[in-house]
Each structure stands twice: as structure tokens, then as C-alpha cells.
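Residue numbers start from 1 in every chain, and the chains themselves are labelled A, B, ... in the order their sequence lines are given, proteins ahead of strands. Just so you know, these numbers come straight off a predicted model, no measurement behind them.
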Amino acid sequence: MPKRPATLQRMVFKSQIKRRMFSPGEKETSQIEGPTLNNTYGFKISQQNLNNAKSLHEVQHLTLMSMEMHARSRKHLLPDPDLDPVCCIFYHIMCDAPLPGRDTNDVTGLIIQDAAHSTAPGSKDAGLLARSEVSGLDVIHVSKEDQLFHELEQIVHRFDPDILLGYEVQMLSWGYLLQRAAALKRNFKSTISRMKVEPTETQVGVGKNEEDDDFADIHIGGRVVLNLWSQMRSEVTLNIYSFENVAYHVLHQRYPLFNFRTLSDWFDNKTGPFRWKMVDYYVCRVVGNIKLLNQLDFIGRTSELARLFGIQFHEVLSRGSQFRVESMMLRVAKLLNYIAVSPSVQQRAHMRAAECLPLVMEPESRFYSSPVLVLDFQSLYPSIIIAYNYCYSTCLGRVEHLGTNNEFPFGCTSLKVPPDLLSSLRNKLTISPNRVSFVKASVRKGVLPRMLEEILQTRIMVKHCMKDYYGDGALTRLLHARQLGLKLIANVTFGYTAAHFSGRMPCVEVGDSIVHKARETLERAIKQVNETKEWGARVVYGDTDSMFVLLEGASKEQAFHTGKEIAAAVTAANPSPVKLKFEKVYLPCVLQTKKRYVGYMYESLEQKDPVYDAKGIETVRRDGCPAVAKVLERSIKLLFDEKDISRVKQYVQRQCMKILEGRASMQDLIFAKEYRGRSGYKPGACVPALHVARRMFACDRRSEPRAGERVPYVIVHGAPGLPLIQLVRRPQELLQEPSLLINAPYYVSKQILPPLDRLLSLIGVDVFRWYQQLPRSVRVWAAHHQSAAEGRKATIVQYFSTVNCPVCGEITKDGICGRCRRQPQEVSVLLLQQIHSQERRQAQLLQICRSCTGHAEWKPPCCSTDCPTLFRLLVTEKGLCQASYIRSLIDKF
DNA sequence: TCTCCCTCCTAA
DNA sequence: TAAGTTAGGAGGGAGA
């Protein structure tokens, strides 16, 4: 938000209100003749425009430059710009028009520091890359690190990218280069900037002081710097935001991950002529960065929002919602000759507190086998603002203050309404439920109602167009983005009025009126539904703007029929544009608590197969591990599909056994929570993410997670009575340290069963009893696990040699139990089969590993512990142990 | 054991 | 500096 001139800051809104509202002789013309928003923002969408939309927004002459670099690190440490030289820089430049001096839209290249090579083009390295999908690289060889920077500067000048990006630009990519340049006393930052600035001390170094650069943003004059992982956080909901994981979920493509040590070894040809693999690795990533952006249409959508709100591209990404609201609202206000209030911090702090809360009903917690209708008021808060003309510019303050000539508190400031003016407005006022008065639209239409009306109308238009162009994926995506942007701005407009903590222009009277009117609207609708006997309906839950209506014993057809009737009747009972929309039918569903429910959803009568739809429960939350979500979701689906609790029991017991026996994939047992940065916690906070981050920092100061990063961890076994925080480990530690074992009983009894219990206890099932009923051998197995871990010497082999018979699972000390020994023929066939399947599995996994490492066999030092396939390979190793163990048993046998 | 506080994440 | 809001459930630790 550009700062308003100081002279204007003191001009308060209320005086403008008075001037506009009460100056005699002024005609009420603005709502008829005043400029419409259609002209202001170009909101009008014609079919033609829609068809052109995608191509229009694609040719923007924007140049993107994705860059990653490799630095030679020391042993297992991550590269440190104070010590480790940059060896190689990789880039991919893309534009929507041919690049300068080229006939293509993109260039991929690298600058490599290598004294042995000349800068002759077409050298050996490029040839080695023929195997990978990327070819035609621009390769530049340099002999010194300094020249590396020089060449990069040349490239930036030649292609002049608007957007610089890297997957992680704080510690790697651009951030590393800037820090390294500072260490080399090179003024890299201002050289690649588009602005002529004299270098100052602060500009040369970026985040030199690591204590306070948690939120350090990189600013290059005239260019936008994108930190891709951080943007991905708001783009896709994932458990972990590593490049590999995001690429897998967004592009459905697997990328291997190697550590810096492996890459450095390949670069130095220490393990053979593998330099091409290191180049391939980085080239895939620089290209992958751009692929991610394209797949998500990130640039297109951000530009779209920038246009929609009338703000700059990087402001869409870096500024908050108040900024967007102001950008739109002030344009409308300016046309009407209003000026916004700029309250001081003190004024804001002295504003009265809000008094109204949205309605959240306590649901009737149970399993519903009859249809439950879900009806939502469409954009309720904006609709109310429009319908009742609620706005700063139409509010006359609390009713109790009216009628005197005194100035009274109003929002952050104060207001005076002379009694004679008030009397002239008799019958032209509306009173909100919390006794705040507003003038009717016939006196004056408010700024917010004007703005929102246009936004909502446009959104409805866009949604209609989406239906018309259902088949066109790209266009649908664009329109979806646009309508989402409109919805967003409509919804946060209320937040703007009620932002009493950080607001730039909050006004409790307006905000409170909106909440209270919304609450009253919902309560009225609930009453109407409950009291209309012919529907035979009962409201069982409601939250802010939604109603869950139970139709006991009704069929699906009846449900859809009644749903439409209710929506129409409630809509008719409210002023336009307040509209109750019949969203969906749940059949069946479970309402657990406030804001937590799950059901099978039908959106139309024609729909054959229901869609699983959950809100707030563990299947949609990221604070458990994937196993929790998977088991819960599968159980719910089983329950809904089969309506047979014994099937659920069978399934849950099988999954619990899988975990207790250590057969579950470790990836399903990894928690990941957001790390707030070292300074983001209260002193003494006991949080796994912080614990892990501290340990990582202690090992390597460069490896501390970034603020906002999701830090993975697992819970391992430990002595009884130890607090949980002592059992938190990084997944890598679990893999590398043979004495560590997954804390299976914790996962089962503290993670998987409680959410299941919350759900199934509603139908009278005790899942903890299912756990008690598990076969004795399994629980003994788990208990043994525990004691073995406490003994700190347990290994897989040791474990196998002491507990159970590989044939029947019975506990024994003899390898194969006595009962099986009496049937040697059958047992040997069974065991050979087991060996065969284990070995086949191992061969398959080896093939996977080979495809990404290129090694003929799997060798732990070459395949980093970060390799996404390694988790599976380790399972194989355990499997191999089992295979060789069984072999040894057979030999003895 | 119960209560309070902190943390995390989601619904609206 | 710049920052939309509140409600809500749940887990875990510290201390009464």
C-alpha cells in the first residue's frame, strides 16, 4: 500500500461521510449515474474474451530463469558459502516469446568450473548427456570461481529475466550465490539488478548474520525472486515440501535425490565417469522448477490476481489480504470522493471489542443412516453487506448514541450525528440486530456494497462460463482461479472491517453488525426448517453459514426434492442477494463434533457413486502420520459400503498387526510438522519439530530447517517413562542406527486407535478391545521389540532368531517350532516359497534403484540415505535378512 | 489425576 | 516493518 500523503492521513472518514451524506442540495445520483465497476476493472467477460483468456495471459513477454548450483561440500556437511566454492551453475530460461538472439523460447545451460577444459563448445560433458532426455545444453567452461559469477552475470544481462527462481533460494540457489559472492567480496547483487545502485555494505552481503535471517527475503532490484518451495506451501497441501515430493504430487514424476557428497564425488569423477549424472540431476531440477510452475499455471494465475485486484505481481505473493481489499475499495471510494481513515495504533487499541459470535451448533454426534442435506448460504457475509447496505459510509453508529448532539465513539474514531439530520432520515434507517443503525440504499449506497455486488455478479458469471466450457481443461482452470480470487476477496472484505488486531481501518460496529445479522439469518433459517411440518426435517448441525438437515427415513429422491424446496423457501424469506444453496446430500454420514464430520456425498440425483467427503477429521489433517489417515479413511469407507462392523474390525486388526510386526512402510509412519524457526517458539516449548531442528543445527549449521518448512520425524522405542520428546528421531537416524526401532505400540494405541475410537464409539464399538483381542504372538512380538530396543543391542537378525517360527508364527526358541518340525515336507516347500518371494521382491527393488543411480548393484555409500527408493530398499534388506535366515534354518533342518 | 498452557491444524 | 477473523478439537508437558 503506498503511503497516503500525510496531509490526508488526518482527514477522517466520518467528516467525509457527513459532507457527502448531509450536504444540502446534493442529489442522490451516484448509484444510478456513477461509474460502474465494470468500467473500472474490466470485469465484464464475454465469450470471446474467455476463448482468448488463456492465450492472452500466456503471451506476457515474461522471462523466467530457474537456477540451481552445486558447491563442493565437506564430507556429509551441507555447503557453506563461507568455505565451499561454487563448482557449477545450472539454469533454464523460459519465455513465452523467442529469446533474444534465439529462435527458441527456452535455453538450458550450465557454467562449469574446470581447469582442465577449454571453453570450446561441444565438449565431452554435453555428449555424455545424450542419454538423458535433456540435450542441447549451453555449456561454458571456466577455470576460476570468479569467472563463474562473471559468466552468470553475462547470461542475466543477455536474457534479462523478469523472474528469478530456485527451489530453495535462502540457503541454496540464488541465496547461496549472493552469500558466496559476499564472501568473495564481489558485488554480484547489484550487477544482476536492473537498477543502478551504488553498492553499500548491506547490499553486498545477504543474511550474513545467520541469527536473524530467518525471514530474510532476497530482493534483486527490478526482478521478482521466487522461492519455489515456499510458494508451493500455499499452492498444494502436502505433508512435506521437498522438491521430490512436490514434483511427485504435482507432476506425477519421480525425481531421485542425492546428497551433496555423492554429487561432489560424481563431479570429481571419484567413482567413475559419472559427471554426466550429476549434471543430469541438476538439469532435471532446473527444468523441473519451471515444469512445476507451468503445471500449476502459477505465473498465469498470479498475473490474473494482480490484474483482478489492481496490484503488482509480487504484491500478490508477498502482501496480505488487507492490501487487496484496500486496492479495490479505495478505487471505488475515490470515485465517490471518499477518503479512508488511517487510525493510529492507539486509536485501534481503544476500539470497543466485538460482541457477537458466529453461530456454531453442537451437532448431534452419531451415525446417520438417513439422508442429511447440506445447505450453505452462498457468500453469506458479502451478501449481507449488500442486502442491508452495511458499510463504513452508511453507518450511523449505535442506536443508544443517537438523538443527542454529542460526539460518540465509532470504530477507531468518533462520530457526531446532529438530531435534526437524524430526524430527516426517519424511516430511511435500518437497525442491525446488535442495535447499530445504517442508512438505506435509497439514501446512499455504501462503498462496500457497491464493490461486493460487482464482485459477486462477476463470480456468478465466471461460474456459468465454467459450466459452459466444462471440457476445456486449461480454460476451466483459469476461470476457476478467477472465481476463486473473487470469492477470496469477497470473503476477506468482512475480515478487513473486523481486523481489530492488525487492521488498517477496522470498525467494530460494521463488523459486528455483519456477524450478528448473519447469525440471525441462519437462526431464522433453522427455525423455518424445523417449523415447516411438511418437510419432516430437523436441523442437526450448523456452522456460521451452513445447515445440516436430517430427513429421517426419507429416500434419496425425496431428499433432493426437499432440499430444493428448503433452499427456495429460505432464499425467498431473505432479501436479495442472500441465497441459500442446496449443496449436497450425505448418505450416510457421521457428525463427530463441531467442525468435524464425514459422509458419502451425492451432488445430484443422477450421481450413481457417492464421493467420500470429510471435514476436519484426521483423514484431512496433516498433524498425524499417513498411516492414521489411511486406516481411518479405509475404515470409514468399509463401514459406509458394507455396513458390516466385522469387516472393519478385520481390517483394523490386520493393519495393527502389520505395524506391530514391523511390516508397515516407514513412510507411512513419518510425522511432519511445520517448523517456526528458532525464534518462533516460547521459551521452554517442547515441540518435536524444534527438537529435531536443534539436533540438525548442532550437526551442521547449514542444515537447520527453514522457517515454515515441514520437518519430518518418527517416534522410536525407548525406556518406559521417558517423555515422548526423547523418542523423536529423524527418519534418517532410524535407518542408519540399527538399535533404533519404530515405537509400534505408540503408533497403534496413541495414533491409529484414538481417531477410530472417536468415530466408532458413536455406533457403540470399542476399538481398544479389538486391540486387546489381537493374537497373543503379535503382542508378545511387539513387547519383545520393545525390550530388545531397550537392551540397545537388538538387530533384526537377533530378533528373528529368538521369537517366532517363520512358518506358523508361533513363539519358539528353536527357529522352527516343534509342531512344524513334525511336517518337514510341507514346511520346506513353504519356506522355499517364502525365500523365493523375498528374493523376487529384492530384485524388483534393485531394478528401481538402478534406474535412478545407474549402479549395477546397490551399494549403500553410493545411494544416499535421502534416496526416495531407499526406504523400500531397506525394507528389502530386512527382507534379505529374513530370506538368508530362513535359508540357514533350512540348512540346519 | 486434573488443570492449565502451548502447539498444530482445520472450518467457516 | 506488516500482519484478515474466530471457533474448535486434539496431543503433550508441567505443576498443583
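Residue contacts shown for S502(A) include a base, since a base heavy atom lies under 4.0 Å away. Residue-level contact check: L380(A) touches neither bases nor backbone, having no heavy atom under 4.0 Å from any strand. At a threshold of 4.0 angstrom between heavy atoms, the contacts of R233(A) with the nucleic acid are absent.
In this model, the phosphate group of dG8(C) is not approached by any side-chain N or O of Y541(A) to a distance below 4.0 Å at OP1 or OP2. Residue H500(A) places at least one side-chain N or O under 4.0 Å from the OP1 or OP2 atom of dT6(C). Remark: T593(A) is not in phosphate contact with dA11(B), judged by side-chain N or O atoms under 4.0 Å from OP1 or OP2. Between R319(A) and dA3(C), a side-chain N or O to OP1/OP2 separation shorter than 4.0 Å is present. For the pair Y746(A) and dG12(C), the criterion of a side-chain N or O lying under 4.0 Å from OP1 or OP2 is met.
Note: F671(A) and Y713(A) have parallel aromatic rings, judged against thresholds of 30 and 60 degrees for the angle between ring planes. Ring pair F367(A)/F640(A) is tilted by interplanar angle, where 30° to 60° counts as tilted.
Looking at heavy atoms from C-beta onward, Y496(A) lies in side-chain contact with M329(A) at the 4.5 angstrom threshold.
Between the side chain of Y747(A) and the main chain of I715(A), a donor-acceptor pair closer than 3.5 Å is present. Judged by distance alone, the side chain of N227(A) and the main-chain N or O of V169(A) form a donor-acceptor pair under 3.5 Å.
More than 12 heavy atoms of other residues, nucleotides or ligands sit less than 6.0 Å from atom NZ of K594(A).
Rounded to whole Å, atom P of dG11(C) lies 17 Å from atom CG of L727(A). Here dA2(C) presents its C1' atom at 16 Å from CG of L317(A), a figure rounded to the nearest Å. As rounded to whole Å, 12 Å separates atom C1' of dA11(B) from atom OH of Y381(A). Rounding to whole angstrom units, CE of residue M361(A) and P of dA12(B) are separated by 14 Å. In this structure, CZ of F309(A) is placed 13 Å from P of dG4(C), rounded to the nearest angstrom. Protein atom CG of D757(A) is 10 Å distant from nucleotide atom P of dG11(C), rounded to whole Å. Separating the CE atom of M329(A) from the C1' atom of dG4(C) is a distance of 13 Å, rounded to the nearest angstrom. The separation between K750(A) atom NZ and dG12(C) atom P is 7 Å, rounded to whole Å.
Ranking dG13(C), dA7(C), dA10(C) by closeness to the V360(A) side chain, first place goes to dA7(C). Comparing dG4(C), dA10(C), dA7(C) by their nearest atom to the side chain of F494(A) picks out dG4(C).
Screening residues 497-528 of chain A for ring pair (Phe, Tyr, Trp, His ring centres under 6.0 Å), with sequence neighbours left out, gives no hits.
Checking R758(A) against V492(A), the closest nucleotide of DNA chain C that is more toward the 5' end is the one next to V492(A).
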message: Each nucleotide in nucleotides 3-10 of chain B should get exactly one letter: B, S or -. Can you fill that in based on protein heavy atoms under 4.0 Å?
response: ---SSBBS

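To the nearest 0.5 angstrom, D766(A) atom CG is 11.5 Å from L756(A) atom CG.
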